[in-house]
Number of protein chains: 2
Amino acid sequence: MEIRNSRPLDSLYTTFDYIARNKDKAMPKSITRTYSRYTREACSLLGGLIRAARKEHKLTVQEVADRAGVSRGLLQRIEKGDLKCEIGVVFEVATIVGVQLFDTDESTLRKHIRQTEDKLALLPKSVRKKTRVVHDEF
Amino acid sequence: MEIRNSRPLDSLYTTFDYIARNKDKAMPKSITRTYSRYTREACSLLGGLIRAARKEHKLTVQEVADRAGVSRGLLQRIEKGDLKCEIGVVFEVATIVGVQLFDTDESTLRKHIRQTEDKLALLPKSVRKKTRVVHDEF
DNA sequence: TGTTTATGGTTTATATATGAAACAAAGGAG
DNA sequence: CTCCTTTGTTTCATATATAAACCATAAACA
């Protein structure tokens, strides 16, 4: 077998490690997610707002992708409302083209974060579910 | 080398295929993303809102994770504002615990989608950047 | 109209997010 | 105080999202 890769040994070592680690592990199951209509439509709307904002700023898909440090294909998926993109990247792109998340500026955002932290501090640390069965057979 | 996996041959075949396919391909570069402060804070706020809403509904992390069809660990990352989660999952969890995205109900959301589509229909299909150099040396 | 460029699809190989399990610690309920 | 459950971590193997490279088409502008 001829290896012409720029990092051939790394690849081989990784492969052998992979085999060694795998020898007695169980296989995980494949996942198919379901999304509510509201979720799908919210993502679709966010993508549409991003696309509209980008065009209003007369920016090319490639330009926005470059600014976000992201590939052109990924940005196109985001604008189509693809559900399986990193939320950080989607939010970053939205910020770049000027789509406000939460309809607030940065200082208001920070105020909301503080309010949420305060509210969380008042709530119980853990949620108790099962009320113990009362033994009253006496 | 001893293989005791439940699907040992599959693993081996996959591995050999991997080596065969890789022999003359370039290695992609590793990606380290940067996020703006606004993006990080927006994700953090959303996670906090989800955690607060979950506790107000007296729901366990495990319960919400089950309803969303997601692992407990992932939900905890979402509530911590992790940027590298699928946006669909984050939005789904938000919907489950009652955090409104875009601060609108479903019908209003659909109205906004229609408005965005209308706006997009009016905008040019593609953004032209370079104005051709005018040849007027006559 | 012709030409150039943007967009929208592919495909392929990696990088990495996710699920699962195990563990410790802590916080409520009794 | 004493359980028992929830939470918060960690590790690891796979499933899958992403980058990169194509090609085809469409659309803007001279």
Side-chain angles (χ1 to χ4, degrees), chain A residues 5 7 10-11 14-15 17-33 51 54-55 58-65 68-80 82-90 123-136, chain B residues 5-7 10-11 14-15 17-33 51 54-55 58-65 69-80 82-90 123-136:
Chain A
N5 197 338
R7 289 165 58 188
D10 284 9
S11 290
T14 301
T15 301
D17 288 347
Y18 174 88
I19 295 176
R21 279 197 313 264
N22 266 14
K23 61 181 161 52
D24 51 5
K25 293 287 184 171
M27 308 288 271
K29 69 175 180 188
S30 179
I31 306 154
T32 35
R33 293 193 196 289
R51 169 157 295 192
R54 175 179 62 80
K55 291 191 173 180
K58 302 236 181 289
L59 291 169
T60 286
V61 174
Q62 185 71 61
E63 284 175 328
V64 176
V70 132
S71 71
R72 195 164 59 92
L74 178 53
L75 179 52
Q76 281 171 335
R77 282 176 47 214
I78 290 171
E79 290 190 348
K80 286 176 67 178
D82 195 306
L83 296 162
K84 333 210 63 153
C85 311
E86 291 180 17
I87 191 170
V89 172
V90 180
L123 288 168
K125 308 293 178 189
S126 62
V127 177
R128 276 290 160 135
K129 244 12 204 317
K130 295 241 180 74
T131 46
R132 189 91 62 80
V133 179
V134 181
H135 296 279
D136 52 357
Chain B
N5 195 340
S6 57
R7 288 166 58 187
D10 284 10
S11 289
T14 301
T15 301
D17 288 347
Y18 173 88
I19 296 176
R21 279 197 314 266
N22 265 15
K23 62 180 162 50
D24 52 3
K25 294 287 184 170
M27 305 289 273
K29 69 175 179 187
S30 180
I31 307 153
T32 34
R33 293 192 197 289
R51 168 156 296 195
R54 175 179 62 79
K55 293 192 171 180
K58 303 234 181 289
L59 291 169
T60 285
V61 173
Q62 185 71 61
E63 284 176 328
V64 176
V70 132
S71 70
R72 194 164 60 89
L74 177 54
L75 179 52
Q76 281 172 334
R77 282 177 46 213
I78 290 171
E79 290 190 348
K80 284 176 68 177
D82 195 307
L83 296 161
K84 332 211 65 154
C85 311
E86 290 180 16
I87 190 170
V89 172
V90 180
L123 289 167
K125 309 293 178 189
S126 61
V127 177
R128 275 291 160 135
K129 244 10 206 316
K130 294 238 184 74
T131 46
R132 191 90 64 79
V133 179
V134 182
H135 295 280
D136 54 357

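Scope of the values below: all heavy atoms of this structure, side chains included, with no hydrogens, waters or symmetry mates. Residue numbers begin at 1 in each chain, while the letters A, B, ... track the order of the sequences. Note that the coordinates shown come from a computational prediction; the quantities given were computed from them, not determined experimentally.
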**Q** Within this structure, what is the CD-to-C1' distance between B:E86 and C:dG19, rounded to whole angstrom?
**A**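 In whole Å, C:dG19 C1' and B:E86 CD are 12 Å from each other.
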
**Q** Starting from the 5' end of DNA chain D, give me the residue, A:L75 or B:L59, whose nearest nucleotide shows up first.
**A**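 Upstream on the strand: B:L59.
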
**Q** Using a cut-off of strictly less than 4.0 Å, decide whether A:K55 has a side-chain nitrogen or oxygen near OP1 or OP2 of C:dA6.
**A**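 Result: no.
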
**Q** Check for a donor-acceptor pair, side chain of A:K129 on one end and backbone N or O of B:K58 on the other, with a separation under 3.5 Å.
**A**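 The answer is yes, because a donor-acceptor pair under 3.5 Å joins these two groups.
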
**Q** Does D:dT9 have its OP1 or OP2 closer than 4.0 Å to a side-chain nitrogen or oxygen of B:K80?
**A**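 The answer is yes; a side-chain N or O of B:K80 sits under 4.0 Å from OP1 or OP2.
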
**Q** Return the value, rounded to whole Å, for the distance between atom CG of B:D82 and atom P of C:dT16.
**A** 13 Å

**Q** Can you check the B:L74 CG to D:dT9 P distance for me, whole Å?
**A** 15 Å

**Q** In whole angstrom, give the distance that lies between atom CD of B:Q62 and atom C1' of C:dA21.
**A**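 Taking atom C1' of C:dA21 as the reference, CD of B:Q62 is at 12 Å.
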
**Q** Keeping the roles fixed (side chain from A:S71, backbone from A:L74), state whether a donor-acceptor pair exists under 3.5 Å.
**A**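 Pair found, side chain donor or acceptor close to backbone of A:L74.
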
**Q** By nearest atom, which of the nucleotides C:dT7, C:dG19, D:dT7 is closest to the A:R33 side chain?
**A**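 The closest nucleotide is C:dG19.
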
**Q** Take the protein atom CD of B:Q76 and the nucleotide atom C1' of C:dA20, then report the distance between them rounded to whole Å.
**A** 14 Å

**Q** Side chains of A:V127 and B:R54: closer than 4.5 Å at any heavy-atom pair?
**A**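 In contact.
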
**Q** Taking only side-chain N and O atoms of B:R77, does any of them lie within less than 4.0 angstrom of OP1 or OP2 on C:dT18?
**A**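 For C:dT18, OP1/OP2 do have a side-chain N/O of B:R77 under 4.0 Å.
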
**Q** Can you tell me how far C1' of C:dT18 sits from CD1 of B:I87, to the nearest Å?
**A** 17 Å

**Q** Whole-Å distance between D:dT7 C1' and B:E79 CD?
**A**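 Nearest whole value for this atom pair: 11 Å.
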
**Q** Using the 3.5 Å cut-off, write out each protein N or O paired with an N or O of nucleotides 22-28 of chain D and the distance between them.
**A**
from, atom 1, to, atom 2, distance (Å)
D:dA27, N3, B:R128, NH2, 3.3
D:dA28, OP1, B:K125, N, 2.8

**Q** B:K129 NZ to C:dT5 C1': how many Å, rounded?
**A** 13 Å

**Q** How far does OG1 of B:T60 sit from NZ of B:K55, to the nearest 0.5 angstrom?
**A** 10.5 Å

**Q** Where the side chain of A:C85 is defined as all heavy atoms beyond and including C-beta, which of D:dT7, C:dG19, D:dT18 is the nearest nucleotide?
**A** D:dT18

**Q** May I ask you to evaluate whether B:R51 reaches the phosphate of D:dG8, defined as a side-chain N or O under 4.0 Å from OP1 or OP2?
**A**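 Indeed, a polar side-chain atom of B:R51 lies that close.
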
